[in-house]
Amino acid sequence: MSLAVSTFFRNSNYAEAGLWFAVAILLLLFGRRWKIATRNRVILAITLVAFGLSDIVEAHAGAWWDPWWLLVWKGVCVVIFLVSVVRLVRAKKSLSRR
């Protein structure tokens, strides 16, 4: 079921998508300088782009939970973000112990 979508809601989702795309580009450009492993950078960048695309879908659907698969899509992205953060923190701790 599609909900009525206001112009503000749609535009704010487009802006949020643009933000995620920009963060993905920054991560790819400066991730090495921030000492983030290439594999983690690529995984995070792809996930950020996927999350941004989900915001574009949300702009038309009207809600992040409807349709159900959009909720699953966003949930998978969040899980990947959390796993990546844990991996980054562990990597930073192991580097500081050396």
Side-chain angles (χ1 to χ4, degrees):
M1 178 176 118
S2 180
L3 302 173
V5 178
S6 72
T7 302
F8 175 77
F9 179 82
R10 183 173 288 136
N11 290 341
S12 63
N13 272 285
Y14 288 146
E16 187 179 350
L19 173 71
W20 296 128
F21 297 153
V23 171
I25 291 168
L26 289 172
L27 182 64
L28 290 174
L29 292 175
F30 299 106
R32 183 179 301 199
R33 187 176 303 166
W34 298 331
K35 297 187 168 109
I36 300 172
T38 302
R39 180 174 178 232
N40 291 340
R41 285 195 317 259
V42 171
I43 289 169
L44 274 171
I46 290 170
T47 306
L48 285 163
V49 169
F51 200 67
L53 291 172
S54 76
D55 283 328
I56 293 172
V57 172
E58 179 183 344
H60 294 278
W64 53 267
W65 65 88
D66 186 32
W68 65 269
W69 50 264
L70 183 56
L71 173 62
V72 172
W73 179 356
K74 286 182 172 286
V76 168
C77 289
V78 169
V79 168
I80 294 170
F81 291 146
L82 292 174
V83 169
S84 296
V85 167
V86 168
R87 291 180 70 187
L88 288 170
V89 168
R90 286 183 180 165
K92 294 288 181 186
K93 282 184 180 179
S94 72
L95 283 175
S96 67
R97 289 182 191 151
R98 292 180 186 182

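Small disclaimer: the values here were computed from a predicted structure and weren't measured.
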Asks: Please find the pair of heavy atoms, one from Asn13 and one from Ala59, that lie closest to each other, and give the distance.
Replies: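 For Asn13 and Ala59, the tightest heavy-atom pair comes out as CB-CB, 3.7 Å.
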
Asks: Looking at every non-hydrogen atom in both residues, tell me the closest pair between Gly52 and Ala17 and how far apart they are.
Replies: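 For Gly52 and Ala17, the tightest heavy-atom pair comes out as O-CB, 3.2 Å.
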
Asks: Give a yes or no on whether Phe81 and Ile25 share a hydrophobic cluster (residues Ile, Leu, Val, Met, Phe, Trp, Tyr; joining criterion: side-chain heavy atoms under 4.5 Å apart).
Replies: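 Looking at the clustering, Ile25 is in the same group as Phe81.
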
Asks: Is it true that Val78 and Trp20 fall in one hydrophobic cluster, defined by side-chain heavy atoms closer than 4.5 Å?
Replies: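 Yes; tracing contacts between hydrophobic side chains, which count when under 4.5 Å, links both residues.
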
Asks: Between Thr7 and Arg10, do the side chains contain an N or O donor and an N or O acceptor separated by less than 3.5 Å?
Replies: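 Checked: Thr7/Arg10 side chains show no N/O donor-acceptor pair below 3.5 Å.
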
Asks: Out of curiosity, Glu16 CD to Ile56 CD1, how far, rounded to the nearest 0.5 Å?
Replies: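 Answer rounded to 0.5 Å: 10.5 Å.
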
Asks: Which heavy-atom pair separates Ser54 from Lys74 by the least distance, and what is that distance?
Replies: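 Smallest heavy-atom distance, with atoms named: OG-NZ, 3.1 Å.
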
Asks: Working to the nearest 0.5 Å, report the span between CZ of Phe51 and CD of Glu58.
Replies: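 CD of Glu58 is found 8.0 Å from CZ of Phe51.
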
Asks: Quick one: do Trp73 and Val49 end up in the same hydrophobic cluster if we chain Ile, Leu, Val, Met, Phe, Trp and Tyr together by side-chain heavy atoms under 4.5 Å apart?
Replies: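 In one cluster: yes.
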
Asks: Group every Ile, Leu, Val, Met, Phe, Trp and Tyr by side-chain heavy-atom contacts under 4.5 Å, then state whether Leu44 and Leu82 land in the same group.
Replies: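 Yes: a chain of side-chain contacts under 4.5 Å links Leu44 to Leu82.
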
Asks: Heavy-atom count check: over 12 atoms from other residues, nucleotides or ligands less than 6.0 Å from Trp34 CH2?
Replies: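 Counting other residues, nucleotides and ligands, CH2 of Trp34 exceeds 12 neighbours.
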
Asks: Could you grab the distance from atom CZ of Arg39 to atom CZ of Arg87, nearest 0.5 Å is fine?
Replies: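 Atom-to-atom, Arg39:CZ and Arg87:CZ are 4.5 Å apart.
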
Asks: Which residue, Leu26, Leu48, Leu53, Asp55, forms the side chain to side chain contact (heavy atoms under 4.5 Å, CB included) with Phe21?
Replies: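 Single side chain to side chain contact (heavy atoms under 4.5 Å, CB included) partner of Phe21 among Leu26, Leu48, Leu53, Asp55: Leu53.
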
Asks: Gly62 and Val5: which non-hydrogen atoms are nearest, and at how many Å?
Replies: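 Minimum heavy-atom separation between Gly62 and Val5: CA-CG2, 3.4 Å.
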
Asks: Could you pull out the closest heavy-atom pair between Ala24 and Ala45, with the gap in Å?
Replies: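 Smallest interatomic distance, heavy atoms only, reads CB-O, 3.7 Å.
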
Asks: When clusters are formed by joining ILVMFWY residues with side-chain heavy atoms under 4.5 Å apart, either directly or through shared neighbours, do Phe30 and Leu28 land in the same one?
Replies: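 No.
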
Asks: For the atom pair CH2 (Trp64) and CG (Leu71), what is the distance rounded to the nearest 0.5 Å?
Replies: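 The CG atom of Leu71 is 6.0 Å from CH2 of Trp64, to the nearest 0.5 Å.
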
